[in-house]
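For clarity, every value in this text was computed on a predicted model and none was experimentally measured. In the text below, chain A, chain B and the rest are named by the order of the sequence lines, each starting its count at 1.
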There are 2 protein chains.
Amino acid sequence: MLDGVETAQIYIERWAAAAGATGPCPVRDVLDKIGDKWSMLLVMTLAGGPKRFNELHRAVPDISQKMLTQTLRDLQRDGLVSRHVFDTKPPSVEYRLTRLGHSLIVPFGHLIEWANGSIRRIEAARKDFDAAR
Amino acid sequence: MLDGVETAQIYIERWAAAAGATGPCPVRDVLDKIGDKWSMLLVMTLAGGPKRFNELHRAVPDISQKMLTQTLRDLQRDGLVSRHVFDTKPPSVEYRLTRLGHSLIVPFGHLIEWANGSIRRIEAARKDFDAAR
DNA sequence: CAGCATCCCCAATGATACTG
DNA sequence: CAGTATCATTGGGGATGCTG
């Protein structure tokens, strides 16, 4: 059984190896999505079930129309979200998580839990750090 | 027992609630660190044990000195990394993960595993998507 | 060795207006 | 309703040179 450190070592070696190899690192690749401003928020919103374009916009009011369109297209391109056009008038387009997109919820959930469980300690550390200056 | 979707719903509700509340969202806060270019790479590098400044720089050659300094300071400020100055000549400074920093490795590891396990499907999806244009 | 200070650039995001 | 197109902004990050 691997402990945290050994596991981390394996990860970092793969990470470094991928970075050194030709082509971009898969971890970097995925992390870029995790880190961007809207991708994960949309994924988590869609985790509740399929939604249409403006329905998503209402659920996430802060996002601009441009970024909503763009982020959805990127998620679709990566196979995390599927897009279904209904030939009604006016048009109706539904977005939903693919199986792959759905599978991301679990590992991402661990991160959310860590964030919610650690934020108090982080903020306390920041306060201490800033007070020391 | 909660399934993925219900769990996601709870997360997203907390997320949205935090966004609506005064002050920034803890998830957003943590995600910004996860997503930035160097934080997690340094955390994973330090997971192997304490390292000095230039030792870290050699381990992660791509990072600029400026960003190494800045990222380490931010990690220290958040209480993820501790900094130990040895009064030698020339000076020697050692960085190591705190207990909090170490605790991040586990949930982050799940994400790395997902990334490594999903990258083939993602790239295949991208290829399909681009071919359809 | 372990930084700090400056200048600079570009890619990500936003604001606004228009459309099938 | 579900987008597209264009312009403006900004701050993350790199390059370089200097220092205790």
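In this structure, CG of A/Leu68 is placed 14 Å from C1' of C/dG14, rounded to the nearest angstrom. Atom NZ in A/Lys66 sits about 14 Å away from atom P in D/dT9, given to the nearest Å. Between the NE2 atom of B/His84 and the P atom of C/dA2 there is a distance of 14 Å, rounded to whole Å. Straight-line distance from the CG atom of B/Asp32 to the P atom of D/dG12: 9 Å, rounded to whole Å. When the P atom of C/dG20 is taken as reference, atom CG of A/Asp87 falls 17 Å away, rounded to whole Å. Rounded to whole angstrom, the span from the CH2 atom of B/Trp38 across to the C1' atom of D/dG13 amounts to 9 Å. Nucleotide D/dG3 holds its C1' atom 15 Å from the CE atom of A/Met67, rounded to whole Å. In this structure, CZ of B/Phe86 is placed 11 Å from P of C/dA2, rounded to the nearest angstrom.
A donor-acceptor distance shorter than 3.5 angstrom exists from the side chain of B/Arg28 to the backbone of A/Lys37, with no hydrogens or angles considered. The closest donor-acceptor contact from the side chain of A/His102 to the backbone of A/Ala47 lies at 3.5 Å or more, if one exists at all. Side-chain N or O atoms of A/Thr98 include one that pairs as donor or acceptor with a backbone N or O of A/Gly79 at under 3.5 Å.
Nearest nucleotide to the A/Arg58 side chain, out of D/dC1, D/dG14, C/dT13: D/dC1. Nearest nucleotide to the A/Phe53 side chain, out of C/dT13, D/dA2, D/dG14: D/dA2. Here the nucleotide nearest the side chain of A/Asn54, chosen from C/dA2, D/dC1, C/dC7, is D/dC1. Proximity note for A/Gln65 (side chain, C-beta onward) versus D/dC1, D/dT4, C/dC1: the nearest is D/dT4. You'll find that the side chain of A/Arg73 is closest to D/dT4, out of D/dC1, D/dT4, D/dG17.
Within 4.0 Å (heavy atoms only), B/Lys89 reaches no atom of the nucleic acid at all. Nucleic acid contact for B/Gln70: none, since no nucleic acid atom lies under 4.0 Å from a heavy atom of the residue.
Nearest-nucleotide mapping onto DNA chain C: of A/Pro90 and A/Asp36, the residue sitting toward the 5' end is A/Asp36. Position along DNA chain D of the nearest nucleotide to A/Thr69 versus A/Pro91 favours A/Pro91 as the more 5'-ward residue.
For C/dC1, neither phosphate oxygen OP1 nor OP2 lies less than 4.0 angstrom from any side-chain nitrogen or oxygen of B/Tyr95. Phosphate contact (OP1/OP2 of D/dG3, side-chain N/O of A/Arg52, threshold under 4.0 Å): absent.
Between the side chain of B/Lys37 and the base of D/dG13, no donor-acceptor pair under 3.5 Å is found.
By the 30° and 60° cut-offs, the orientation of the rings of A/His110 relative to B/His110 is parallel.
Put simply, A/Ile119 and A/Trp114 are part of two different groups of oily side chains (I, L, V, M, F, W, Y) that touch within less than 4.5 Å, one to the next.
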